[in-house]
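The structure appears below as structure tokens.
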Amino acid sequence: MDLGFHISDFEIGGGTAAIAGELARIGVAAEASGATWLLLMDHYFQIELTGLPAESAMLEGYTTLGYLAAHTSTIGLGLLVTGVTYRHPGLLAKIVATLDVLSGGRAMLGIGVAWFEREHRGLGVPFPSVAERFERLDETVRICAQMWDPLRNGPFQGKHYQLAETLCVPQPIHRPKVLIAGGGERKTLRLVARYGDACNLVGSSPADVGHKLDVLRRHCDDVGRDFDEIRTTIVAGNPRPTPETCDEFVRGMADYAKLGVHEVLVIPTGGASAAWIDGMAPAVPRLAELG
């Protein structure tokens, strides 16, 4: 089992001027740990799930990933996850392709239907119904696939998006893997089966995750997809692991590894994320031993 780090707290000691330096240290620490992914949120206001108020520091995700690309050399980079409502899919495909080129082929597209209504209303971003957001997600991943194929520079005609051309030069160095987040059994996991290279589920319990994976297998059977092609990731649930509970955390991951979960993503607590990552680094080789 692999380990990835998901950064959500930008309230850095020293204030705004200290954020860039701490991010650079986060990149160095995550890469030195042997983790596979360094991920950020795609938000413009801080979210309540972090325990912080909306007014807390938050950075635009893809700009920040570009900065991290320059301060790392091997670790994968992406957002967990891009909100489908925030960027036109043609522009999103170009943004992710640019990140891939500038990072030397390390970009991943994590994507979901978006949910934070306050953020949308506050910034004047349209927030359509859940059903429409799923339709837009379907079209977006298809547009990205077309734009990342140099032989398919042609039109795209969808219900919500119409592109006269899908020109994308330079092409990504490596076609970014598409991770579709969420455990919705009727729509989300069906989209994973059709289009996803990876899924992301909440690690609420091995029983819950096992059930979701069974549903995903059935969707794969329905569409003629090999379930084993899909990388399974989970976000470590509450209580969040900490360096002080590292032993307990690794033991708890054993049952997920038996289910075939490939990677667990952990969220540093507090603003000193680089030091927190250093403290969690011993978990990386121990998780790898789980299979």
Side-chain hydrophobic cluster, 4.5 Å single linkage: members besides L265: W37, L39, L80, V81, M108, L179, V235, I267
Inter-residue atom distance L163.CG - H88.NE2, 0.5 Å rounding: 5.0 Å
Parallel, tilted or perpendicular: ring planes of Y86 versus H120, cut at 30 and 60 degrees: parallel
Within-4.5 Å side-chain heavy-atom neighbours: V264 and F249: yes
Residue pair R175, D100: steps toward the salt bridge (Lys or Arg N to Asp or Glu O under 4.0 Å) verdict: CA-CA 8 Å; R175 176 192 170 277; D100 194 74; over 6 Å; no
Verify same cluster id: L123, F127 (apolar side-chain graph, 4.5 Å): no
Whether T166 side chain and G154 backbone form a donor-acceptor pair below 3.5 Å: yes
I47 and W115, any side-chain heavy atoms less than 4.5 Å apart: yes
Side-chain H-bond candidate by donor/acceptor type, T245 with E248, under 3.5 Å: no
Hydrophobic cluster membership, V101 vs V169, 4.5 Å side-chain cutoff: no
Connected via hydrophobic side-chain network under 4.5 Å: V215 and V223: no
Donor-acceptor contact present, side-chain T98 to main-chain K94, <3.5 Å: yes
Step-by-step side-chain contact (heavy atoms from CB on, under 4.5 Å) determination, L109 to L92: CA-CA 9 Å; L109 172 60; L92 175 62; 4.2 Å; yes
Side-chain (R225) to main-chain (A193) donor-acceptor, under 3.5 angstrom: yes
Under 3.5 Å donor-acceptor, E11 side chain and L52 backbone: no
Value rounded to 0.5 Å, distance of CD1 in I7 from CD in E22: 8.5 Å
Polar side chain donor-acceptor pair, R106 to S73, under 3.5 angstrom: no
Residues F156, E165; criterion side-chain contact (heavy atoms from CB on, under 4.5 Å); working and verdict: CA-CA 7 Å; F156 178 92; E165 297 183 79; over 6 Å; no
OH on Y195 to CG on L137, rounded to 0.5 Å: 9.0 Å
Polar contact flag, side-chain donor to acceptor under 3.5 angstrom, T82-D42: no
Spacing of CZ belonging to R218 relative to CG belonging to D222, to within rounding of 0.5 Å: 9.0 Å
Joint hydrophobic cluster, I234 plus L290, side-chain heavy atoms closer than 4.5 Å: yes
Evaluation steps, ring-ring contact (aromatic ring centres under 6.0 Å, His included), between H174 and W148: CA-CA 9 Å; H174 301 300; W148 297 335; over 10 Å; no
Test log, rule side-chain contact (heavy atoms from CB on, under 4.5 Å), inputs F45 and M58: CA-CA 6 Å; F45 298 170; M58 179 54 58; over 6 Å; no
Salt bridge R217-D214, side-chain N to carboxylate O under 4.0 Å: yes
Distance-only side-chain donor-acceptor flag, R136 / Y161, under 3.5 Å: yes
Working for salt bridge (Lys or Arg N to Asp or Glu O under 4.0 Å), residues R194 and D138: CA-CA 9 Å; R194 292 179 64 187; D138 184 294; 3.4 Å; yes
Donor-acceptor pair, side chain of K177 and main chain of D197, under 3.5 angstrom: no
Side-chain donor/acceptor of R25 to backbone N/O of A274, under 3.5 Å: no
ILVMFWY cluster, L259 and V192 together (side-chain gap under 4.5 Å): yes
Verdict with supporting geometry, C144 and V96, side-chain contact (heavy atoms from CB on, under 4.5 Å): CA-CA 9 Å; C144 288; V96 177; over 6 Å; no
Backbone of P53 reached by a side-chain donor or acceptor of E48 within 3.5 Å: no
Reported NZ-to-CE distance for the pair K258 and M253, which is rounded to 0.5 angstrom: 13.0 Å
Polar side-chain atom of T233 near backbone of C199 as donor-acceptor pair, under 3.5 Å: yes
Those residues that, when tested against S129, pass side chain to side chain donor-acceptor pair (under 3.5 Å) (two or more places apart): none
K212 vs E185, salt bridge (Lys or Arg N to Asp or Glu O under 4.0 Å): CA-CA, chis, key distance, verdict: CA-CA 7 Å; K212 299 292 185 183; E185 297 179 14; 3.2 Å; yes
Donor-acceptor under 3.5 Å (S33 side chain, P282 main chain): no
Test salt bridge (Lys or Arg N to Asp or Glu O under 4.0 Å) applied to K187 and E132, step by step: CA-CA 12 Å; K187 291 186 176 182; E132 181 176 327; over 6 Å; no
Polar side-chain atom of E60 near backbone of Y62 as donor-acceptor pair, under 3.5 Å: yes
Stacked cation flag R190 on F134, 6.0 angstrom / 45 deg: no
Reported OH-to-CG distance for the pair Y256 and L201, which is rounded to 0.5 angstrom: 10.0 Å
Pairing of K159 and E135 as salt bridge, 4.0 angstrom limit: yes
Side-chain donor-acceptor contact under 3.5 Å, E31 with H71: no
